[in-house]
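Here the structure is a predicted model, which means the values were calculated and not measured.
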Amino acid sequence: FRVGGKASMPRCIMNVVKIHPKEFKMFRDITLKSRSTLEDAKETMLNWVRSILLSEETDNFPKATSDPEITCNRYGGCTFKGICFSSGSVREMLLKNEFVKREERK
């Protein structure tokens, strides 16, 4: 981009959505980001989308507990935290009593 004959950083619109059982927030803001930062963000997002699609396809959802302070406590906490950190009969009881298994998509 050029503004007044000088190269400038690209402006982009950022949409942010917070979805949580207790609140839903959405806002939009204009920000300046370098092209390389935008490309990195795009690649990261596409990698996450591919990972989620593969998990759904294979019915395999690995735990993301490498750093529980980050992966389990951000954005209001994770609904599945109790399941991830339990095992055996306790885990089975939590799954049975706290969640409803929906019918498989076709």
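Separation of atoms CD (Glu57) and CZ (Arg50) is listed at 13.5 Å; rounding is to 0.5 Å. Expressed to the nearest 0.5 Å, how far CD of Glu92 lies from OG of Ser87 amounts to 10.0 Å. Taking CD from Glu56 and CG from Leu53, the interatomic distance works out to 6.5 Å, rounded to the nearest 0.5 Å. Distance check: Arg91 CZ to Cys84 SG gives 6.5 Å after rounding to the nearest 0.5 Å. Note that the CG atom of Asp29 and the CG atom of Asn15 stand 10.0 Å from one another [nearest 0.5 Å].
Side-chain atoms of Ser51 never come within 3.5 Å of backbone atoms of Asn47 as a donor-acceptor pair (strictly under, hydrogens ignored).
Cluster partners of Phe99, by chain and number: Phe80, Ile83, Val90, Leu94, Leu95. The rule joins Ile, Leu, Val, Met, Phe, Trp and Tyr whenever side-chain heavy atoms lie under 4.5 Å apart. Chaining together hydrophobic side chains whose heavy atoms lie under 4.5 Å apart leaves Phe61 on its own.
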Phe27/Val17 under side chain to side chain contact (heavy atoms under 4.5 Å, CB included): CA gap, chis, key distance, verdict: CA-CA 7 Å; Phe27 69 91; Val17 179; over 6 Å; no
